[in-house]
Amino acid sequence: MKLTVKKQANQQELESLGVHSQALEGTAPSTAWLEVYSDDEGREAGIWQCSPGKYRLERASDEFCYILQGHWKLIGDEGDEYEVKAGDVLYLRKGWCGTSHVIETVKKAYMAS
């Protein structure tokens with residue numbers, strides 16, 4: 001079995017995904033990513049980036065994130081609030097729903113399944 005390796009992934013050019021499809025309140029957070037791995041079973045890993053703004057977040061799978069840069073606030077539909085910054089780790093549970101507020105451009109390494 002071969003391993004997937006992306007050298008200096010945090011310094012590679014990211015592919016633009018455009019404005020987030022669930023942008024809120026007239027904001028236009030733009031996203032970009034670098035795919036490291038994905039398969040037919042819905043597992044994926046990579047680097048993801050989002051510019052400041054707000055969007056609706058509805059997790060369809062579990063996701064582990066390591067915040068490489070930025071400042072991000074998550075406000076759950078049940079009133080729970082979380083703030084993460086560079087150096088923090090975050091585990092988003094499948095089914096979690098709320099508002100994502102990117103305060104400073106966020107860049108994260110992630111794995112979802």
Side-chain angles (χ1 to χ4, degrees):
M1 176 182 299
K2 293 186 177 189
L3 298 177
T4 302
V5 176
K6 294 277 186 177
K7 300 269 187 182
Q8 301 299 308
N10 192 33
Q11 296 171 5
Q12 288 192 27
E13 186 76 23
L14 303 181
E15 176 185 345
S16 175
L17 300 172
V19 173
H20 196 285
S21 64
Q22 294 194 10
L24 298 175
E25 301 174 22
T27 66
S30 60
T31 60
W33 80 313
L34 171 70
E35 179 182 285
V36 174
Y37 176 83
S38 68
D39 64 24
D40 294 338
E41 296 178 30
R43 294 179 291 218
E44 64 179 51
I47 305 289
W48 180 87
Q49 181 173 291
C50 186
S51 66
K54 294 181 181 179
Y55 62 90
R56 177 78 180 157
L57 178 58
E58 298 174 350
R59 286 301 314 151
S61 62
D62 289 334
E63 181 180 327
F64 174 83
C65 309
Y66 175 72
I67 309 303
L68 299 166
Q69 74 178 50
H71 184 185
W72 193 13
K73 187 173 185 177
L74 300 160
I75 304 143
D77 288 346
E78 296 176 5
D80 47 323
E81 291 189 22
Y82 312 90
E83 269 191 74
V84 293
K85 295 182 178 183
D88 293 343
V89 295
L90 171 66
Y91 188 76
L92 292 161
R93 296 291 309 206
K94 178 180 179 179
W96 189 90
C97 297
T99 299
S100 170
H101 181 187
V102 176
I103 298 164
E104 294 174 6
T105 297
V106 167
K107 191 175 195 180
K108 68 179 181 179
Y110 75 94
M111 187 169 84
S113 63

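Treat the numbers as computed from the prediction; the structure is a model and nothing was measured. These numbers come from the heavy atoms of this one structure, side chains and all, not from hydrogens, waters or symmetry mates.
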List the atom pairs, with distances to 0.1 Å, where a side-chain N or O of residues 18-28 and a protein N or O form a donor-acceptor pair under 3.5 Å, not counting sequence neighbours.
| from | atom 1 | to | atom 2 | distance (Å) |
| --- | --- | --- | --- | --- |
| His20 | ND1 | Gln22 | N | 3.0 |
| Glu25 | OE1 | Lys54 | NZ | 3.4 |
| Thr27 | OG1 | Leu24 | O | 2.7 |
| Thr27 | OG1 | Lys54 | N | 3.1 |
| Thr27 | OG1 | Lys54 | O | 2.9 |

Is there a path of hydrophobic side-chain contacts, each under 4.5 Å between heavy atoms of I/L/V/M/F/W/Y residues, joining Tyr37 to Ile47? no

How many angstroms lie between CG in Leu92 and OG in Ser61, if you round to the nearest 0.5 Å? 9.0 Å

Indicate the atoms forming the closest heavy-atom contact of Leu34 with Glu13, along with that distance. CD1-O, 4.4 Å

For the hydrophobic clusters of this structure (ILVMFWY residues joined by side-chain heavy atoms under 4.5 Å, transitively), does one cluster hold both Val36 and Val5? no

I'd like a table of donor-acceptor pairs (distance under 3.5 Å, sequence neighbours excluded) in which one partner is a side-chain atom from residues 99-113, with atom names and distances.
| from | atom 1 | to | atom 2 | distance (Å) |
| --- | --- | --- | --- | --- |
| Ser100 | OG | Tyr55 | OH | 3.1 |
| Ser100 | OG | Trp72 | NE1 | 2.6 |
| Lys107 | NZ | Asn10 | O | 2.8 |
| Lys107 | NZ | Asn10 | OD1 | 3.3 |
| Lys108 | NZ | Glu63 | OE2 | 2.5 |
| Tyr110 | OH | Glu44 | OE2 | 2.9 |

Residues Ala32 and Leu14: closest non-hydrogen pair is CB-CB, 3.7 Å

Do the side chains of Gln49 and Thr31 get nearer than 4.5 Å, heavy atoms only? no

Rounded to the nearest 0.5 Å, what separates atom CG in Asp77 from atom CG in Leu57? 9.5 Å

If you take all heavy atoms of Asp62 and Lys94, which pair is closest and at what distance? OD1-N, 2.7 Å

Can you check side-chain contact (heavy atoms from CB on, under 4.5 Å) on Tyr66 and Leu68, steps first, answer last? CA-CA 6 Å; Tyr66 175 72; Leu68 299 166; 3.5 Å; yes

So how far is it from Trp48 CH2 to Trp33 CH2, rounded to the nearest 0.5 Å? 12.5 Å

Taking the side chain as everything from C-beta on, heavy atoms only, tell me whether Arg56 gets closer than 4.5 Å to Cys97. yes

Interatomic distance, Lys73 atom NZ to Glu83 atom CD [nearest 0.5 angstrom]: 5.0 Å

